[in-house]
Amino acid sequence: MPELPEVQTVVSELAVLIVGKEITEIEEYYPNTLRIRCETEAYCSLVTEVSRRGKYILIHLANNHYIIVHLRMTGKLIYAETEGDLLKHERARIYFTDGTYLRFDDVRTFGTIDCLPEADLAQYFFKLGVEPLSEDFNYKYIKENIAKITSPIKSYLLDQNRIAGLGNIYVCEVLYRTGIHPLTKANEVKPKQLKLLVTEIKAVLAEAIECNGTTISDYRRVDDKTGSFQNFLQVYGKDYCPEGHELGKVKIGGRSTYFCPICQK
DNA sequence: AAGGCAGCCTGTAAGC
DNA sequence: TGCTTACAGGCTGCCT
């Protein structure tokens, strides 16, 4: 399931492949994959840049429009140079003038492709929280942001409207690294732990990006290669923590949460 | 208003 | 063996 590091990996690789190409057509093979919010011809423009906001992929076009892709859990963008049959779960294609194209493959069909003018961008991301790797995300921010939150710290960290980009896997890892129990009420996390939390969130994300992300079941890079951060996971999907303690597993907000009852208080 | 959770969807794996 | 059930989970929208 792609989280910030996986999306960043896709974005970096995508930029090399499609910046400078001109889109000719977007085809949809599964209903409601495309959510065009502009003139349908508007996406027929030159790709100038590929960037990321939270878990969203932004394809910038020369005509001041954006194609915004969200992979959700099982979405994949696969670059192809020669015409081929549809994959079993191919939901859409983005074609370029040179005949190359991007396949949007998504087993669970939750992924989406939006197209909108730049003027609508601010509204589109209006509610989205701070970028965790930016300077805006710091101790002062989290201290004020978290002050009135009584839900579990795990739920807080997963809330994209507060911090944009963390998913279930990295939240579990970060809480283990900082020794915070996932059920701790967010506003009861001690200042010292909160400072550590900021540091470790940035560290885990940076390390995972270095590894080209975590490959758990569905995620693949644009070239179908896998990331390697799963080799460094300490609790997610494990039975024991690195200290040898048996891990606990609880549902928080409907999500499986792995934690160490001894290391995390 | 904030928080909790069903629903969306399909493949895989476990259970009977 | 074959059927049923649980699980995976990001995000939206509904309900309290």
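In what follows, every chain begins at residue 1, and chains take the letters A, B, ... in the order their sequences are listed.
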State whether Tyr30(A) and Arg91(A) meet the cation-pi test: NZ (Lys) or CZ (Arg) under 6.0 Å from the six-membered ring centroid, and within 45° of the perpendicular axis.
->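 Checked: cation-pi criterion met.
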Of the nucleotides dG10(C), dA8(C), dG3(B), which one has an atom closest to the side chain of Ser256(A)?
->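 Closest of the options to the side chain of Ser256(A): dA8(C).
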Output the single nucleotide from dG3(B), dA8(C), dC11(C) whose closest atom is nearest the side chain of Lys55(A).
->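 Nearest to the side-chain atoms of Lys55(A), counting from C-beta on, is dC11(C).
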Please work out if Lys127(A) contacts a base, only the sugar-phosphate, or nothing of the nucleic acid, heavy-atom cut-off 4.0 Å.
->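 Nothing, no heavy atom under 4.0 Å.
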Could you tell me whether Ser155(A) contacts a base, only the sugar-phosphate backbone, or nothing, with contacts defined as non-hydrogen atoms closer than 4.0 Å?
->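 Touches nothing.
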Is the phosphate of dC11(C), meaning OP1 or OP2, less than 4.0 Å from a side-chain N or O of Gln160(A)?
->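 Yes, because at least one side-chain N or O of Gln160(A) sits under 4.0 Å from OP1 or OP2 of dC11(C).
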Length of the [atom1]-[atom2] vector between [X] and [N], whole Å:
X         : N       : atom1 : atom2 : answer
Asp106(A) : dG10(C) : CG    : P     : 14 Å
Asn187(A) : dA2(B)  : CG    : C1'   : 12 Å
His70(A)  : dT12(C) : NE2   : P     : 8 Å

Polar-atom pairs under 3.5 Å, protein N or O versus N or O of nucleotides 8-14 of chain B: list them with distances, or write none.
{"residue": "dG11(B)", "atom": "OP1", "partner": "His89(A)", "partner atom": "NE2", "Å": "3.3"}

Relative to the 5' end of DNA chain B, which residue comes earlier, Arg162(A) or Arg255(A), by the nucleotide with the nearest heavy atom?
->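 The 5'-side residue here is Arg162(A).
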Hey, do the aromatic rings of [X] and [Y] have their centres closer than 6.0 Å?
X         : Y         : answer
His60(A)  : Tyr66(A)  : yes
Phe125(A) : Tyr56(A)  : yes
Tyr240(A) : His245(A) : no

If you measure from OH on Tyr258(A) to NZ on Lys249(A), what distance do you get to the nearest 0.5 Å?
->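 The OH atom of Tyr258(A) sits 3.5 Å away from the NZ atom of Lys249(A).
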Between NZ on residue Lys238(A) and SG on residue Cys260(A), distance to nearest 0.5 Å |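 Between atom NZ of Lys238(A) and atom SG of Cys260(A) there are 14.0 Å.
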